[in-house]
Amino acid sequence: MPELPEVETIKRVIEPQIQGRSIENIFIRQPAVIAHPATEEFHSQLIGQIISRMERRGKFLVFLLDSGDRMILHLRMTGCLLLTSADLPEEPHTHLTFQLTGGRQLRYSDTRRFGRFWFLKKGETDTFSGIKKLGKEPFDPEFSSEYLMERLGKRKKSIKECLLEQKVIAGIGNIYSDEILFAARIHPARSASSLTLGEWQRLAAAIPERLSFFIAKNEISAEEYLSSKGKEYRNTPFLQVYGRKGSLCPICGECLQRMVIGGRSSVFCPCCQKL
DNA sequence: CCTACTGTTACGGC
DNA sequence: AGCCGTAACAGTAG
């Protein structure tokens, strides 16, 4: 489910509710979601730790602990975090529950079970999660058209596939790559090396603009987030192309088309985004 | 029954 | 080395 705007939303909802709380216990129902270290150690190392804050990097969530240790989470396709009182019925596919002080529980559910947790000691080098391989954050002051041209200017493959490369830009997935390319009026199948200077500039502007737009549209209270089980994102009605094959382009009225690029479904306007 | 799916990685081939 | 395409992960939804 989650790309950068959703992961940011989850961070904003969850962080204020867990800050300063300590982990009293952890119930591990599905050890497969723990990537590192071994289940027993993951469990024993985290008990008693106090959560100081949360950070987002690309699509990763990082829980910073008072000790300097940290826990990293990637939600992949269907991972979901809920902060609840202990008496609420569990969601199906709840694999991990953190019992926190004050009778609160941080629950991790994940239908397809692709999501992963990592625990790292203070100062331990993160060779596990993949965070270190990420490219620039879209909101990094150094993120620019020059950066994109340098990293992608000679690439033969489609610009759509390039936008999905986490080692170049952190956080863009299949939904927002389509939204960004529509906003920048660039056909998703265009070879990256064929983009003009003006197109690189439009693209570099559209990336942070679209992502911050959708983060703003996602804004939700802790109560609403919980009652919707963390599953409803309010920005969906604002998507202009993703999932709208066959509807009319909001700009020119042309019929939106779908094609498969790099194995991923891609929707675009054949009139606004010329090949 | 069959296909598609908002993410990422491993692996074989070039 | 680095790029490319595919399979795999596991389950639900249409």
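Proteins get letters first, then strands, A, B, ... in listed order; numbering begins at 1 in each.
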Within residues 155-166 of chain A, those residues having any heavy atom closer than 4.0 Å to DNA chain C are A/Arg155, A/Lys157
In whole angstroms, the gap separating C1' of B/dT8 from CG of A/Leu61 amounts to 16 Å
Rounded to whole Å, CG of A/Leu73 lies from P of B/dG7 at a distance of 15 Å
To the nearest 0.5 Å, atom OG of A/Ser191 lies from atom CD of A/Glu161 at 10.0 Å
A/Phe119 vs A/Phe42 aromatic rings, parallel, tilted or perpendicular, using cut-offs 30° and 60°? perpendicular
Handout entry: OP1 or OP2 of C/dT12 under 4.0 Å from side-chain N/O of A/His93
Key = yes
Between CD1 of A/Ile169 and C1' of B/dG7 the distance, given in whole Å, is 16 Å
Return no unless some side-chain N or O of A/Arg258 is found under 4.0 Å from OP1 or OP2 of B/dC5.
yes
- Query: Going by an N to O cut-off under 4.0 Å, is there a salt bridge joining A/Arg107 and A/Glu91?
  - Reply: no
message = What I want to find out is whether A/Arg190 reaches A/Glu199 closely enough, with some N-O distance under 4.0 Å, to be called a salt bridge.
response = yes
Taking pairs as Watson-Crick (N1-N3 plus N6-O4 or O6-N4) or G-U wobble (N1-O2 and O6-N3), each distance under 3.5 Å, the stems of three or more consecutive pairs with DNA chain B are B:2-5 with C:11-14, B:7-14 with C:2-9
Expected list for residues 25-32 of chain A: side-chain donor-acceptor pairs under 3.5 angstrom, two or more places apart:
from: A/Arg29; atom 1: NH1; to: A/Glu90; atom 2: OE1; distance (Å): 2.7
from: A/Arg29; atom 1: NH2; to: A/Glu90; atom 2: OE1; distance (Å): 3.2
from: A/Gln30; atom 1: OE1; to: A/Ala32; atom 2: N; distance (Å): 3.2

The reported gap from CZ in A/Arg202 to CD1 in A/Ile207 (rounded to nearest 0.5 angstrom) is 13.0 Å
Check your understanding: If you measure from the ring centre of A/Phe114 to the centre of the six-membered ring in the base of B/dT8, is it under 5.5 Å, with the planes under 30° apart?
Key -> no
Does B/dG7 have OP1 or OP2 sitting under 4.0 Å from an N or O in the side chain of A/Arg264? yes
note: A/Arg151, atom CZ; C/dG2, atom P; distance rounded to Å ~ 11 Å
Would you kindly say whether A/Gln49 and A/Ser67 are connected by a side-chain donor-acceptor distance under 3.5 Å? yes
With a 4.0 Å limit, can you tell me whether A/Thr78 has a side-chain N or O closer than that to the phosphate oxygens OP1/OP2 of B/dG7? no
Whole-Å distance, A/Ile131 CD1 to B/dG7 P, equals 17 Å
A/Arg113 CZ to B/dC5 P, in whole Å, measures 23 Å
With respect to the phosphate group of B/dT8, does any side-chain polar atom (N or O) of A/Lys59 fall under 4.0 Å of OP1 or OP2? yes
Of the listed B/dT8, B/dC5, C/dC3, the closest approach to the A/Arg76 side chain comes from B/dT8
Less than 4.0 Å between a side-chain N and a carboxylate O, is that true for A/Asp69 and A/Lys122? no
Taken to the nearest whole Å, CZ/A/Arg57 to P/B/dT8 is 13 Å
A/Lys231 NZ to B/dC5 C1', in whole Å, measures 16 Å
Notebook entry, point to check: Is the A/His74 ring parallel, tilted or perpendicular to the A/Phe60 ring (thresholds 30°, 60°)?
Noted result: perpendicular
Q. Parallel, tilted or perpendicular: which describes the rings of A/Phe213 and A/Phe238, with under 30° parallel and over 60° perpendicular?
A. perpendicular
